[in-house]
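Structure record follows, encoded as structure tokens.
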Amino acid sequence: MLVVRTIKQLQEELNQRRQASQSIALVPTMGNLHEGHLQLVKTAQQQADIVVVTLFVNPTQFGANEDLDNYPRTFQDDCNQLESINANILFAPSINEIYPLGGNNTSHVHVPGITHLLCGASRPGHFDGVTTIVCKLFNITRADVAIFGEKDYQQLAVIRRMVSDLNIPIHIISEPIVRAHDGLAMSSRNGYLTDKERIVAPQLYQALQEVKQQLLNGETDFLALENNAKTQLSSTGFRPDYCSIYHALELKPAKKGDKEIVILAAAFLGPTRLIDNITCSLP
Ligand code: PAF
């Protein structure tokens, strides 16, 4: 696997590949790779000739009191994992390479509307950071296709909106959530959990499953379902941020009669903020 640190070198490399008629798939990551990321790479390998994984802990998507400094950085282990599944190129730039004028001093991409809800409500500016770096990576690589995980459901919706609104010539593919044996969605932030918290953590998914079951049973009082789920999460030791029943495609609060539903939740376990979601097609 070729490890590239500069935009110039990456673009020279990718230009050669394009001249040889090779297609390019992009897998953006912030490193600390786990099975969920490897699954993104495997899907990317089915979609294009060359897979470029990017590893960049993007400072502009972290709020002032968030975990930027502590975010796990495991470069050598990430390289080993990517080598083991034959990823072609790892682009791991410095902050200065990506934001030579500083992260706060750069043009940015803002998707309106859906970025103010859910995670956007509790993490103001987060999605501007995400769309800005993702747009930059799309422009830097000019990839044909990019793969994102469905665990970050809102992020995926925001990126799809950006691509559509700005006519970015890239195809977005999503990959289902990869879960541990007990249902906990794979996330780099799971590594923050203590042993005790790790035992409790799968209850986030269980709460979502219970909401889904009640929707399938015909329950239509969405607010009551959301509140019950939050109460249940609080009683097991979480500090819930939100549990929301949304229209899966429009990403807005679901109305009675909507068929395609997504139930999304974010909750703190100790200092660790976990997110998860589950979709549901109602009859
Ligand atoms: O999902 C992530 O890991 C990040 O938000 C992304 C898409 C790599 C942008 O920094």
Side-chain angles (χ1 to χ4, degrees), residues 4 7 10 25-41 43-44 51-63 66-75 77-78 81-82 87 89-99 103-104 106 108-111 114-115 118-120 122-141 143 145-163 166 168 170-178 185-192 264 266 272-277:
V4 177
I7 295 171
L10 180 67
L26 173 69
V27 180
T29 83
M30 297 204 299
N32 192 236
L33 304 182
H34 51 67
E35 191 48 44
H37 294 110
L38 300 188
Q39 202 47 56
L40 301 180
V41 175
T43 296
V51 175
V52 180
V53 179
T54 65
L55 192 174
F56 181 66
V57 183
N58 174 38
T60 64
Q61 69 187 77
F62 288 79
E66 294 185 351
D67 55 343
L68 173 62
D69 291 341
N70 296 332
Y71 198 83
R73 288 156 172 92
T74 50
F75 181 74
D77 186 55
D78 294 344
Q81 293 196 62
L82 291 172
I89 300 178
L90 174 63
F91 177 50
S94 66
I95 294 180
N96 193 49
E97 181 71 8
I98 293 293
Y99 298 119
N104 293 331
T106 191
H108 70 269
V109 180
H110 173 69
V111 172
I114 58 172
T115 50
L118 305 169
C119 287
S122 33
R123 303 185 68 191
H126 166 68
F127 286 114
D128 287 358
V130 171
T131 43
T132 300
I133 184 63
V134 169
C135 184
K136 281 167 77 73
L137 294 173
F138 288 173
N139 287 333
I140 289 167
T141 60
V145 53
I147 328 291
F148 294 89
E150 290 171 8
K151 185 176 82 70
D152 296 295
Y153 192 95
Q154 186 178 13
Q155 168 174 286
L156 180 61
V158 169
I159 290 168
R160 284 193 196 282
R161 260 290 296 283
M162 173 184 76
V163 165
L166 301 182
I168 302 177
I170 193 164
H171 182 49
I172 304 296
I173 291 185
S174 72
E175 184 63 32
I177 298 176
V178 178
M186 294 274 185
S187 164
S188 299
R189 290 190 166 99
N190 293 348
Y192 296 149
L264 308 110
T272 308
R273 187 173 185 276
L274 300 176
I275 60 170
D276 202 348
N277 69 80

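Starting from 1, each residue takes its place in the sequence as its number. No experiment lies behind these values; they were computed from the predicted model shown. First listed ligand is number 1; within each ligand, the first listed atom is number 1.
Here is the list of ligand 1 atoms found below 4.0 Å of a heavy atom in Pro28: 8 (C). Near Ile133, meaning under 4.0 Å from one of its heavy atoms, ligand 1 places the atoms 9 (C), 10 (O). Near Gln61, the atoms of ligand 1 lying under 4.0 angstrom from a non-hydrogen atom of the residue are 4 (C), 5 (O), 9 (C), 10 (O).
Contact annotation for Thr29 and ligand 1: only backbone heavy atoms (N, CA, C, O) come within less than 4.0 Å of the ligand.
Across all non-hydrogen atoms, the minimal contact from Leu33 to Asp78 is N-OD1, 2.9 Å.
Regarding atom 7 (C) of ligand 1, its nearest protein heavy-atom neighbour is Gln155 NE2, 3.5 Å. The nearest protein atom to atom 3 (O) of ligand 1, hydrogens excluded, is given as Met30 CG, 3.7 Å; this is a heavy-atom distance.
Using bins of under 30°, 30° to 60° and over 60° for the plane-to-plane angle, the ring pair Phe56/Tyr99 lands in the tilted bin.
For Thr43, the side chain to side chain donor-acceptor pair (under 3.5 Å) criterion is met by Glu175, not counting sequence neighbours.
Listed by first then second residue, pairs satisfying side chain to side chain donor-acceptor pair (under 3.5 Å) with a partner in residues 151-163 read Arg161-Asp165, not counting sequence neighbours.
Side chain to side chain, Tyr192 and Asp67 meet the donor-acceptor criterion of an N or O pair below 3.5 Å.
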